[in-house]
Each structure stands twice: as C-alpha cells, then as structure tokens.
Amino acid sequence: MIAAIPASGGRGVLAPLDGTGPPVEVADLVAAIASREARDAPRWVWPSTAELYPRLLERGLRVERCYDMELAEAILLGVEGRWGEPRSLASAAARLHGEPVPPDPPPRSSIDAEATLFTVETPVPSLATLLAVYEHQRARCAAAPSPGRLNTLIAAESAGALVAAEMGRVGLPWRADVHRALLLDLLGEPSPMGGPPRKLIELADRINDAFGSTTRIHPDSPAEVLRAFERLGITLANTRAWELRRIDHPVVPILIEYKELARIWSAHGWSWLDQWVKDGRFRPEYIPGGVVSGRWATRGGGALQIPKVVRKAVVADPGWTLVVADAGQLEPRVLAAVSGDRRLASAAAAGDLYAALASEAFGGDRSRAKVALLGAMYGQTGGQAVPALAALRRFYPLAWDYVEQAARTGETGGLVHTWLGRTCPPASVTFIASGYEEGGSRSRARGRFTRNFVIQGTAAEWALVLLARLRAALVGTAAELVFFQHDEVVVHCPAGDAQLVIEAVHRAGDEARRLLFGETPVRFPLDVSVVECYADAK
DNA sequence: AGTTTCATATGG
DNA sequence: CTCGCCATATGAAACT
C-alpha cells in the first residue's frame with residue numbers, strides 16, 4: 001500500500017503505508033506512480049480517483065488497484081448515519097480535528113464551462129493529514145458491524161472508480177454516420193436553423209387536421225393537447241402514451257408517433273450527436289456510487305437511457321466485436337440469496353427464475369409469478385398483484401419477511417443496509433427530494449424505499465464486483481470495457497478474442513457470486529451475445 | 001429574464 | 001386519501 005498525494009505543478013509525495021520506506025517527494029507524480037506500478041503494482045491510496053486517475057490515463061498509465069479515500073468516506077459516513085456530509089479528504093480531516101468542515105467542491109463539469117475565474121484549487125493535503133484520515137477510516141471500518149464486508153465494498157467501489165475513469169476516457173464506439181442515417185430515416189431532413197425536422201412538422205399538421213380546430217395546437221404542450229381533446233368531449237387525466245392508447249380516435253396514433261419521434265429528436269438528435277460524439281466515441285462521465293442505492297449515475301449525454309433504436313449507432317470497429325453481457329432477473333436472485341429462503345433459492349438455481357416460481361407456486365402462470373415478486377420488492381399493495389402477493393407470502397415466507405422487515409425498519413425511522421453494508425440515507429435527506437407527502441403516506445413511502453434499497457443496492461454490489469473482476473481479467477488483452485448499465489456490461493474486443501471475453505465474463509460473475517454470498521444454490525446467469533451492433537444484442 | 005417545477009419520455 | 005423502486009434529460013409551464 002502506497003499513499004500518493006498530488007501537489008501543485010504535477011508534483012507529489014509517495015509514502016509506503018507499511019513502513020517499508022520513508023516518504024519521497026517527487027517532481028513528477030505520474031511518472032513516479034508509473035515506475036512503481038511497473039515494479040509491483042501496489043494498492044494506491046489516494047484522495048480521489050476521479051480527480052487524479054484521469055491525469056494518469058492521459059499519460060497512458062493504468063493502475064491495478066487503489067483505495068479511494070473519498071468514496072470510502074462517503075460509505076463510512078453512511079454507515080455512521082451521517083449520510084450527505086462532505087466527503088472530501090479535506091472535510092474528513094476537518095471532522096477528525098474538530099475544525100470547521102468545508103463543503104465539497106461542486107462537480108467539475110458544471111463549473112469548467114464558466115466560473116473558471118473562481119476555480120478553487122483542491123487544497124494540497126499534507127502527508128500527515130492523509131495518514132490520519134486513512135488510519136481513522138480503517139478504525140471506523142473495523143468498528144462497523146461487518147468489517148470484512150465493508151472492506152470488500154470499499155475495494156469494489158474503488159475498483160469501480162478506476163473502471164469509470166477508464167470507460168469515460170475510452171468511450172463507447174459510436175458511428176455518427178449510422179446515427180445520422182437513422183435520424184434521416186426516422187425524422188426526415190433536419191431544418192437548417194435547428195428547428196423541427198420535416199416529419200415532425202408533417203405530423204404536427206396532421207394532428208391539427210385530425211383535431212379539426214381553428215386554432216393551431218402545439219403537440220408538445222400537454223395543456224393544449226388536453227384542451228383539444230376536451231373540445232372533442234374527451235376528458236383525459238394526462239397525455240401519457242398509455243393513457244392516450246385507451247381512447248379510440250384517429251388523432252391518437254398520430255400523436256403517439258409524434259411524441260416518439262419528438263423524443264428522439266430532442267434527446268438523441270443531431271445536437272446530441274454534435275455535443276457528445278467525438279472521434280467515433282460517445283464519452284459520458286460515469287459517477288460511481290452516484291445513486292443512493294450504490295448504482296452508478298452519469299453526467300451528460302443520458303448515457304444510461306440510450307433508447308433501443310439509437311443503439312443501432314453503437315457499432316464495433318472493423319475486425320472488432322461487442323460482447324454484451326446482461327444479468328437476467330438479477331434482483332429476484334439477490335432476494336433469494338440474501339433472504340436465505342431455501343425454496344426461493346432453489347427456484348433461483350434455474351435459468352428462468354420466474355418460470356420455476358410459476359410452476360411451484362403459481363399454477364404455471366409465469367407472468368403472475370413475476371408481478372408477485374416484483375410487487376414484493378417494490379412494495380406494491382394494490383391492483384391485480386394482491387392475490388399473487390398472498391401466494392408469494394405463503395410459499396416463500398423467508399423472502400417475504402426479508403423485504404417486509406426492511407420496509408418496517410424504514411417506516412419506523414430506522415436505517416437499512418445492503419449485503420456489503422452500504423447504508424441508506426436517513427429520511428431527512430430523502431424526503432426533501434421526493435416531495436410533500438403527508439403523515440402515514442410518507443412513512444409508507446419510506447418503507448417502500450428501504451424495502452427496495454436492500455435489494456437494488458445489493459444487486460448493484462454484485463454488478464460492481466463483477467465489473468471489477470472482469471476488469472482484472474482483461475488486463476493485458478486488447479479488450480476494452482466500454483459500457484456499464486446497472487446489470488449489463490459491454491466489452492469491445494478484437495473478434496478473435498470474443499471467446500476469451502465470454503469466458504472471462506462468466507468467471508467474473510461467478511466470482512462476484514462467491515465473494516458476496518459464498519456457497520449458495522442461487523445462480524446469477526449472464527445472457528451473453530457477441531454482436532457487431534449493440535442493437536442486435538439479446 | 002432567469003430559475004424552478006411539472007409532465008413526459010428513456011433506461012435499469 | 002392513496003398506494004411500485006432507482007435514475008437523467010428535455011421542453012413547457014409556473015414562479016420570482
């Protein structure tokens with residue numbers, strides 16, 4: 001373990017943490033890390049991967065392992081019920097010494113556009129500060145209920161941060177020409193000044209004809225659309241596609257087509273392409289642990305919501321291929337593993353968990369089995385799922401109790417945690433974001449949140465470990481990790497390496513299962529496809 | 001005029 | 001009274 005502390009002007013300090021030598025000041029921190037990495041690839045302890053690692057990558061250096069103090073701090077604060085407090089090394093040090101805690105700096109990308117005048121240089125921490133905070137973190141971790149699991153989580157989160165930086169740099173292969181052809185096909189010619197393309201204008205005309213009113217309505221305006229239907233004697237609660245589909249009127253299919261195309265145009269049209277795709281790659285910024293449950297978030301480009309049709313533009317380089325691996329039915333499998341419900345676990349030993357569930361407890365009705373299980377994990381209490389939920393409760397009492405317990409803990413003001421120990425934020429943090437619900441409804445909403453947190457968060461951990469193991473397995477190959485979306489990973493590799501990558505993915509999934517759950521009958525099967533184009537996966 | 005919220009879409 | 005989780009992004013509508 002070696003601490004790497006960046007200082008100004010590219011300089012820094014390297015300090016072995018195991019007493020194998022004195023700290024050394026270096027003029028070129030990146031070069032110093034490179035030479036040590038080549039020697040024995042230690043685990044690097046540094047303040048922030050997001051801050052430092054891009055500088056290493058820029059100079060062609062990758063490292064094997066790290067300990068990200070900022071991510072560790074965020075996890076530990078959560079465990080201590082202090083979710084949301086500043087997580088930077090500077091703030092951790094201030095807390096440790098009882099000094100005023102500085103707020104975290106705003107995210108880089110939002111400030112680098114403007115306000116460069118005000119850029120606050122990240123203060124250079126002293127070696128003593130880093131060591132003190134690191135030791136304190138180790139002690140807090142050791143004092144946690146399950147130190148081993150928490151250590152695993154911090155290691156996985158740190159490895160994830162390495163992947164995130166690498167993936168953001170390498171980018172997802174993106175054929176702008178294919179994307180443009182797709183847009184032309186769907187939307188027609190773009191208008192020169194960035195206005196709506198031909199087909200949207202035509203559809204808007206046809207919508208107005210179908211409404212037959214004298215004043216022209218704008219289909220993008222829900223209020224105007226509602227009024228137009230009102231004039232026809234049709235009252236709608238909203239203009240959502242599923243609501244529109246329930247009424248029988250010639251304008252409906254045109255309106256739905258308009259909405260679909262308008263969405264593509266505004267969210268993934270020409271301006272998106274110009275803004276986000278450079279040199280044949282789409283490079284979003286990934287944010288490990290950016291979602292409360294531990295899932296990743298992204299900043300910019302909507303990388304985690306790429307519509308299926310637009311995935312046609314994701315094409316492997318010539319002679320290369322995409323290996324797309326998707327963990328099927330991940331969350332119910334996680335529930336089977338964490339709850340210790342042997343009956344559910346034996347269903348989760350099957351390739352199709354819902355089918356196994358159906359034949360055991362739902363008279364072979366797979367879709368009923370599915371809504372029951374999803375309903376239990378999301379806290380559904382009404383609708384058609386009710387009788388199915390009763391069957392679920394009867395047949396799988398331990399799994400049922402697991403999510404019920406999480407819900408009750410949340411409803412009564414408690415905190416829940418994932419399998420590896422990531423802790424949910426307290427209600428005081430989340431309800432601010434989720435609106436003004438009153439009384440009992442608020443506590444039930446809180447229960448649904450904590451109920452789902454334990455499952456979604458543990459699923460995120462499994463996926464994170466898979467990602468980390470896969471990254472390790474691909475070291476020294478040409479293959480590059482290019483995309484990660486909750487339970488799905490995409491590897492871009494020379495066509496001849498596809499078989500090797502497939503095997504590596506399966507091994508990584510297996511290692512993730514064992515690292516989290518040890519010997520469990522629950523399987524976590526991966527659907528793997530080898531495709532030239534992302535849209536052809538599955 | 002600039003900022004915040006709402007409505008609706010996308011993804012898991 | 002109502003009742004399904006986690007997100008991001010856009011444009012319209014509402015607000016300051």
With sequence neighbours excluded, residues passing ring pair (Phe, Tyr, Trp, His ring centres under 6.0 Å) with A:Tyr378: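 Scan of A:Tyr378 (ring pair (Phe, Tyr, Trp, His ring centres under 6.0 Å), adjacent residues dropped) gives none.
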
If I take atom [atom1] in residue [X] and atom [atom2] in nucleotide [N], what distance separates them, rounded to the nearest angstrom?
{"X": "A:Leu464", "N": "B:dG12", "atom1": "CG", "atom2": "C1'", "result": "16 Å"}
{"X": "A:Arg263", "N": "B:dT8", "atom1": "CZ", "atom2": "P", "result": "13 Å"}
{"X": "A:Leu374", "N": "C:dC6", "atom1": "CG", "atom2": "C1'", "result": "14 Å"}

What is the ring orientation for A:Phe517 with A:Trp419, classed by angle as parallel under 30°, tilted 30 to 60°, or perpendicular over 60°? tilted

Hey, is the main chain of A:Ser266 close enough, under 3.5 Å, to the side chain of A:Trp272 for a donor-acceptor pair? no

Below the 4.0 Å mark, does [N] have OP1 or OP2 next to a side-chain nitrogen or oxygen of [X]?
{"X": "A:Arg295", "N": "C:dC6", "result": "no"}
{"X": "A:Thr239", "N": "B:dT8", "result": "yes"}
{"X": "A:Lys370", "N": "C:dG4", "result": "no"}

A:His268 NE2: over 12 foreign heavy atoms closer than 6.0 Å: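 Yes - once you tally the heavy atoms of other residues, nucleotides and ligands closer than 6.0 Å, there are more than 12.
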
Any chance CZ of A:Arg87 has more than 12 other-residue heavy atoms, nucleotides or ligands included, within less than 6.0 Å?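 No, because the 6.0 Å sphere around CZ of A:Arg87 holds 12 heavy atoms or fewer from other groups.
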
Please tabulate, for the side chains in residues 326-335 of chain A, all donor-acceptor contacts under 3.5 angstrom to protein atoms that are two or more places apart in sequence or on a different chain.
unit_1	atom_1	unit_2	atom_2	d
A:Gln329	OE1	A:Arg333	NH2	2.8
A:Gln329	OE1	A:Leu353	N	2.8
A:Gln329	NE2	A:Asp352	OD1	2.9
A:Arg333	NE	A:Gly328	O	3.2
A:Arg333	NH1	A:Ala348	O	2.8
A:Arg333	NH1	A:Ala350	O	3.1
A:Arg333	NH1	A:Arg523	O	3.1
A:Arg333	NH2	A:Ala350	O	3.2
A:Arg333	NH2	A:Gly351	O	2.8

Mind checking A:Ala459 for me? I need base, sugar-phosphate or nothing, with any heavy atom below 4.0 Å counting as a touch. nothing

Table of protein N/O atoms under 3.5 Å from nucleotides 11-13 of chain C N/O atoms:
unit_1	atom_1	unit_2	atom_2	d
C:dA13	OP1	A:Ser221	OG	2.4

